[in-house]
Amino acid sequence: MRPARPPVPRRPRRHDPGRRDRLIDAALTVIAERGVAATTHREIARKADVPLGSMTYHFASLEEVLAEAFTRHADSVARVFDERLSAAPDRAAAIEAVIALVADDLLGSDHDLVLAVELYVAAARNPALRAVTQAWMARSRQALERHFDATTARELDALIEGLVLHSALSTDPMTPEQIRHAIHRFLR
């Protein structure tokens, strides 16, 4: 008869109320570093430094994680739109705010640019993610409509996206002065 082993002490349960948020932030980091196609539950859990089972505890599917992560990204960009355009007292200041938004905010972070492009590609392939892009466009337009009519706001939003994509993906990106010229030309 073998002697009884002493009981293995249990690790204290880790209280981690911010784990879900860390997983979403980790998903954004993985997407920016590796792309949506290489984003897995395992990679997100590794980046967040949590057990893999946390993923299925907090999210029903990888699609849900991606939607939450991209929604967080879109909300942060939309907040910048809101702040810039809310601070503009008149149309002239709003035009300058749009120029700064494109040249400084939207083109200022490689991380955010990659996330935006990854969202566009993912939404093109996954109709569920189009709800994220649609909500993002609606918020952008709403911010623009503080100073421009609805039709102009929609067209200006499309111009902004085009300027960002062309500048981000070009080997010869537009200069801030070229961006300024394009926006002034469109809004005259």
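Below, all heavy atoms of this structure are taken into account, side chains as well, without hydrogens, waters or symmetry copies. In this chain, numbering begins with 1 at the start of the sequence shown.
- Closest of all the heavy-atom pairs between L23 and A48 is CD2-CB, 3.7 Å.
- For R154, the side chain to side chain contact (heavy atoms under 4.5 Å, CB included) partners two or more places apart in sequence, or in a different chain, are R141.
- Contact detail for A122 and L129: the closest heavy-atom pair is CB-CD1, 3.5 Å.
- Partners of D90 by side chain to side chain contact (heavy atoms under 4.5 Å, CB included), not counting sequence neighbours, listed by chain and number: A92, A93.
- By the side chain to side chain donor-acceptor pair (under 3.5 Å) test, E63 pairs with N126, sequence neighbours left out.
- The side chain to side chain donor-acceptor pair (under 3.5 Å) test applied to E68 returns R20, not counting sequence neighbours.
- The stretch residues 105-128 participates, sequence neighbours left out, in these salt bridge (charged side-chain N to carboxylate O under 4.0 Å, His left out) pairs: R84-D105.
- Every side chain to side chain contact (heavy atoms under 4.5 Å, CB included) that R130 has, sequence neighbours left out, goes to A123, P127, T133.
- The minimum heavy-atom distance between A32 and V114, with the atom names listed, is O-CG1, 3.5 Å.
- Between T152 and the choices L144, L187, D157, L159, the side chain to side chain contact (heavy atoms under 4.5 Å, CB included) rule is met once, by L187.
- Proximity of a side-chain donor or acceptor of S54 to a complementary backbone N or O of V50 within less than 3.5 Å is not detected.
- I95 places none of its side-chain heavy atoms less than 4.5 Å from the side chain of F186.
- One finds the CD atom of E145 at 9.0 Å from the OG1 atom of T151 (value rounded to the nearest 0.5 Å).
- The nearest pair of heavy atoms linking R139 to D82 is NH2-OD2, 2.9 Å.
- Applying the salt bridge (charged side-chain N to carboxylate O under 4.0 Å, His left out) definition to pairs two or more places apart or across chains, none involves residues 50-62.
- Contacts of E33 classified as side chain to side chain donor-acceptor pair (under 3.5 Å), with partners at least two apart in sequence or in another chain: K47.
- Considering only residues two or more places apart in sequence or on other chains, R72 meets the side chain to side chain donor-acceptor pair (under 3.5 Å) condition with D21, D25.
- The main-chain N or O of T39 is never found under 3.5 Å from a side-chain atom of E43 such that the two would form a donor-acceptor pair.
- The side chain to side chain contact (heavy atoms under 4.5 Å, CB included) search around E96 returns I99, R180, H184, not counting sequence neighbours.
- Counting only residues at least two apart or in different chains, ring pair (Phe, Tyr, Trp, His ring centres under 6.0 Å) contacts with residues 126-152 comprise H73-W136.
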Solution key, residues 163-174 side-chain donor-acceptor pairs under 3.5 Å, sequence neighbours excluded:
| residue | atom | partner | partner atom | Å |
| --- | --- | --- | --- | --- |
| S167 | OG | L163 | O | 3.0 |
| S170 | OG | D172 | N | 2.8 |
| S170 | OG | D172 | O | 3.0 |

